[in-house]
Asker: 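My structure is below; once you've seen it, I'll send some questions.
In this text the structure is predicted, and so the values were computed from the model without any measurement. Just so it is clear: chains get the letters A, B, ... in the order the sequence lines come, proteins before strands, and each one is counted from 1.
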Amino acid sequence: MPLMNKDEPLFRRLRIYSDSASDLILKIPWEGELAPGPRGELVEVIDFDPESDCFYSPVDLNSPLVLAQDGLPRTGGDPQFHQQTVYALVMTTLWHFEQALGRRIQWPPRSIEKPDGSRSEQFVDRLRVYPHGFRGPNAYYSPSKLALIMGYFGVDVPAAPAGDPVRTTSFTCLSHSTVAHETVHAILDGLGRLARSSDSSVEELAVQEGMADVIGLLQQFAVPGLLSRSVTFTSDPGTNERLLEDLAKCLAQPVGLHAELRSRIGAPAGPARPAEPRMIKLQDRAAVLVAAIFQCFLAISRARTERLLDLVGNPRDFGSNLRDAMAAEVTKSASHVLEMSIRAIDYCPPVEATYVDYLRAMVTADIDLAGEDERGYRTALVNAFRRFGIAASQTELRRPSARIALGPIEGIQINLASSRKLDFEHEMERCRMLESALAANHHSGLVPDAVREMGLVLGKEGPQTIERNDDGLARISVDSFRLARRTGRRGHQANDWVILMSQARRGYVDPDKQKAQDEGEEPEQEDFNMRGGCTLIVDASTLEIRYCISKDVLSEQTLDRRRRSALDRVPESAGYGEKGRKQDDEPFFTLRAGLTGFPNE
Amino acid sequence: MSKPRQRTSRKPATNGERLRDQVRVRMYRAGLGECFLLTFPRLGVPFHMLIECGVIMGTPNAVDRMKSIARDILATTAGHLDVVVATHLHRDKVSGFVQAQDIFKQMRVSQVWLGWTENPHDAHARRINASSEPSRPNASAVEFLRRIGERVRYWSGGDGPVTLSGVAGARVFFLGPPRMGANLSEALSNIEGPRDATPSPFDGSYQISRKTAATHPVYAAYFSSAGTEAVEWRQISRKSLASIPRLVINRDAAANNTSLVMAIELIGAHGESKVLLFPGDAQSESWFSWHEHRWPADAPPDDQNTITCRKILERTALYKVSHYGSSNGTPRQFGLEMMTSPELTAMIVVDEGMAKKKMWRLPAPELMAALERKTRGRIIRSDRNSVPEAGGLSGPEREQFHNSIRVSDLYIEYFVSIPQLTAAERGKSAANWTAANERRVYLVDKKLAGTIRPEEEAELREIEQLMEEYLRTTAPTGLGLIEELRKTVEEAKRPAPRR
């Protein structure tokens, strides 16, 4: 019988790994052209296992047998079930980002050197995922291969009391929080915002790690049906919060690999920073952000469920319908906080984002898209951050002074391309156009005050440590120039250009040397690379610059923070005489080594 | 060889003399290899601790060198070592126990201290070692130590403090080797393991060989593209992962980071504290892990009585430079920069000729410059025959420093002084008797078991004699009072003694 309705389905249902015995099924956007691998428009899973020197048969998710039963059933020792799980998890994360940011995901281009020495940026269509990439309790995003490389490893699981432990294998590709975390790194790279350990302060890295952790965590809470079967809600809000905290510790475990994360959730709030410098693991600092945002989620959940309980008059007999309704409220809270956390990324400065920057970004993004704070989300957020020692006198971004106007963008057209590749090419044109406008006419319609407000330096001015072209003119790099078409919480449409600009400056640990180099002494190898720049949010219809979120390339404070970070840095330049030793090929391998608690079969 | 000037109030003790208020650190000059003999004052015979005994492969006359060192140790200790420490299993730390085995066999070794990674009863250690067993040529040295030690103890970072039997005012904190967590050592065993392919965890029916994959409809694209697109940049291999510089992957560093790390704290009469830091070859990854410990383990970190790594580094008066001064052996901010004691002195084994031959940058000039600055010139190198100039010191400081060093062809000695209580003061302080009494109980047990040796008998007599004196002065019993009364009465009866 011919099909009458030829519309493709919206979603594909895929079973993923879960800790409990019952199945967990994710709904992910339908891809009609999904090839075996799976290999879709954005992601390709290549199941090559170098340690065992073999490939594993790729799963065909469009096979009727697989489609008919919501993906392969969960059986132990089936690499195809792993391929299915990792694909579903990456796609879920991508879907949340596309929804929240209002634009298609782009992967970072591959920068290749041409024979004449110049560089060109090549479009990369898919993120690659190696679900069994190496042996070891680790998983990481490799910027140089644009790939997620997931490890697997043997662990001893305690068997019956007093019995010998049983050797099993753990797979990081089955861990929801780990896959989501690494996918966030890849997405940030595509947004031109990836903080790398060599170029960033510890706090910036911590914000990034924390963000990836919390997105991975909330994403799990937002899976429909997960809460109703994992938590038995009660009429006591305190008990409910404890249950949610326990679940979070359980779900975050593989992310946390860091026990610190687990210990922070539900722990009494301590100061965000210790009074004296001591060894603090990055994850420990990241945990502060996770705990603060989780706290906000709990407060919002509490408000929503209390209202529900009020409505039903808090019955003695707590039926499963009421439990499900409560779970639905909490799930909704999780997806709202998840959306807020992702949207905030556009409102962060492109470099050197701090906890406070992230807090302001969350608040401002919410004002932008939700308008009035009817349910008290923002109050909950600000209070939760304050509990963890992150407080700001001003919790929302200031509007830029009227002086900022960016001449060169006047002629920009909204160009809705049919493919991601065309999208990418248009964006490159816009970036190059803006860059050359800023370089050619170093006023470019900008008054000096405006340039300062953007945290940049134009023309011949400023310290000589700022990266310059052959004519001695300061170089500005436009890293991203995209249209965000977001839908507000009340259904209104907001179209904005999001533009990222940055400028590099050579940094030196020794302040005297910094001064001498700033004043134009013969350039020497820098100790670290400092960057300044801004994110511009420009109304696409009026071309009004609505926000200018900047980090000043001249800031002494940032310079000082980077200086301390350079000394704080764990593996590189930790010893003596190791300058110039580059360890940044796989920055996230080292960051995430030492993990524990992955799913095993 | 220049002799230290002898204008001093307190001369270093020579071999025959008793050490008083001083710990002697003797650095043997073996070449590129380490051997330190530490001697602590104790009631009766001194306490001897031997840390390492080895020299690197390719050293000329290695066996003879090791034998003459072992003979000196035998003579100095009268054949009794209280503790022998082998920080880790590299040849340059343990070869002597094999090369001079016949001499070490003549000695009595009360305890052997090793890192947890050498513990045969530790499941994780077994797994790590299992993967590298064939390449552990120095295992026989450790086997030998296990055999001659009356007691073998294994330590991990965070252990301690332990006292040294009978030595007043000394305790040892163990900073490494890090426990690393089950999974890090797991990674070590996995990635460090055999270089051949390891069996896949999945059934053969799922597997596609590399050769078949090259023509596979899905995986062919991994090897070559239909167009001009490059594919190699995204490929992965075991080699590409192994090149990532990282503790768990670098075999040599991994072994160095299994070093047993000791901070020996000397506590003086008035609570002053000096630490002798012996880190083995620990590299920065190990150093960073030290900061995670505190003593007692559950103490609040900010309490002033809690011992933290920071406090230990701040109190360090003698630093045995890790790993011959390699650039990664001494971290900056969380290592040397935290050593702020004005007395900081460094001892370092240097053999530039051998390092050059092996193409090693040892010691790293940047580290030497930093040590020079931190110690103000108090760097004692095993390859120098003269006492260091130490230009940054004031006159009296320099004089004191020079008087604390003695150079011979076989070794260089450095004396760390720590004022202890005088015998009279000691008599008043009950606290000092804890260590002495512990030693006494140990010796009494041996006496009862019939295994006590003559010099220990002498030591026991001395301790008991001092103890009686002490009890008489501080805690006269009722019986003693009656006894004294009786004596007084008897004396009164007797005719007056002749004067």
Side-chain angles (χ1 to χ4, degrees), chain A residues 35-37 39 46 48-58 77-80 110 112 128 130 132-138 142 144-147 149 152-156 165 169 257 275-279 567-568 570-571 573-578 581 583 585-586 589-590 593-596, chain B residues 123 180-184 186-187 190-191 193 197-203 205-210 212-213 216-219 222 230 233-238 241 243-248 283-285 288 291-292 310 326-336 361 364-367 369-370:
Chain A
R39 181 172 191 264
I46 303 264
F48 175 44
D49 179 350
E51 297 276 348
S52 302
D53 202 29
C54 68
F55 286 76
Y56 300 116
S57 234
D78 181 356
Q80 296 195 334
R110 181 182 180 222
I112 48 171
R128 184 170 282 191
Y130 292 103
H132 306 106
F134 66 104
R135 296 280 162 95
N138 199 349
S142 162
S144 62
K145 295 185 190 301
L146 187 51
I149 306 180
Y152 68 98
F153 58 104
V155 278
D156 291 333
T169 307
L257 329 162
E276 56 167 335
R278 47 174 125 102
M279 284 294 296
L567 290 169
D568 242 13
V570 178
S573 78
Y576 293 89
E578 289 188 291
R581 184 169 138 198
Q583 299 205 345
D585 291 348
E586 296 300 356
F589 183 84
T590 46
L595 326 179
T596 170
Chain B
M180 301 195 276
N183 288 309
L184 201 55
E186 179 71 37
N190 276 329
I191 302 174
T198 44
S200 163
F202 301 113
D203 190 77
S205 60
Y206 292 110
Q207 295 176 22
I208 301 172
S209 74
R210 181 190 276 274
T212 318
H216 188 275
V218 172
Y219 291 138
Y222 177 85
W233 66 282
R234 301 186 84 174
Q235 291 174 351
I236 57 170
S237 67
R238 253 186 307 165
L241 293 165
S243 65
I244 303 163
R246 175 73 200 165
L247 160 75
V248 293
Q283 301 190 345
S284 32
E285 297 84 353
F288 296 141
H291 292 269
E292 289 166 12
R310 186 192 190 90
S326 76
S327 59
N328 194 32
T330 308
R332 200 186 312 215
Q333 192 189 3
F334 292 95
L336 188 56
R361 213 162 142 270
E366 298 84 352
L367 174 65

Asker: Do B:Ile208 and A:Ser57 touch side chain to side chain, with heavy atoms closer than 4.5 Å?
Answerer: yes
Asker: Less than 4.5 Å apart, any side-chain heavy atom of B:Gln207 and any of A:Pro79?
Answerer: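 The answer is no; the side chains never approach within 4.5 Å.
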Asker: Keeping the roles fixed (side chain from A:Lys145, backbone from B:Ile236), state whether a donor-acceptor pair exists under 3.5 Å.
Answerer: no
Asker: Report yes if some heavy atom in the side chain of B:Trp233 is under 4.5 Å from a heavy atom in the side chain of A:Arg110; otherwise report no.
Answerer: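 Touching, per the 4.5 Å side-chain cut-off.
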Asker: Less than 4.5 Å apart, any side-chain heavy atom of B:Ser209 and any of A:Asp53?
Answerer: no
Asker: Could you tell me the separation between the NE2 atom of A:His132 and the OG atom of B:Ser200, rounded to the nearest 0.5 Å?
Answerer: 8.5 Å
Asker: Between A:Pro36, A:Pro58, A:Ala147, who has the most heavy-atom pairs with chain B when the cutoff is under 4.5 Å?
Answerer: A:Pro58
Asker: Using the ring of each side chain (for Trp, its six-membered ring), is B:Tyr219 parallel, tilted or perpendicular to A:Phe55, with breaks at 30° and 60°?
Answerer: tilted
Asker: Is any side-chain heavy atom of A:Arg39 less than 4.5 Å from a side-chain heavy atom of B:Val218?
Answerer: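 Counting from C-beta outward, A:Arg39 and B:Val218 never come under 4.5 Å.
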Asker: Measuring heavy-atom distances to chain B, does A:Phe48 have an atom under 4.5 Å in its side chain, in its backbone, in both, or in neither?
Answerer: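 Both parts, backbone and side chain.
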Asker: If you compare all heavy atoms of B:Arg234 against all heavy atoms of A:Arg128, which two are closest, and at what distance to 0.1 Å?
Answerer: NH2-N, 3.2 Å
Asker: Between A:Tyr56 and B:Phe202, is the gap from one ring center to the other below 6.0 Å?
Answerer: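 When the ring centroids of A:Tyr56 and B:Phe202 are compared, they turn out to be within the sub-6.0 Å range.
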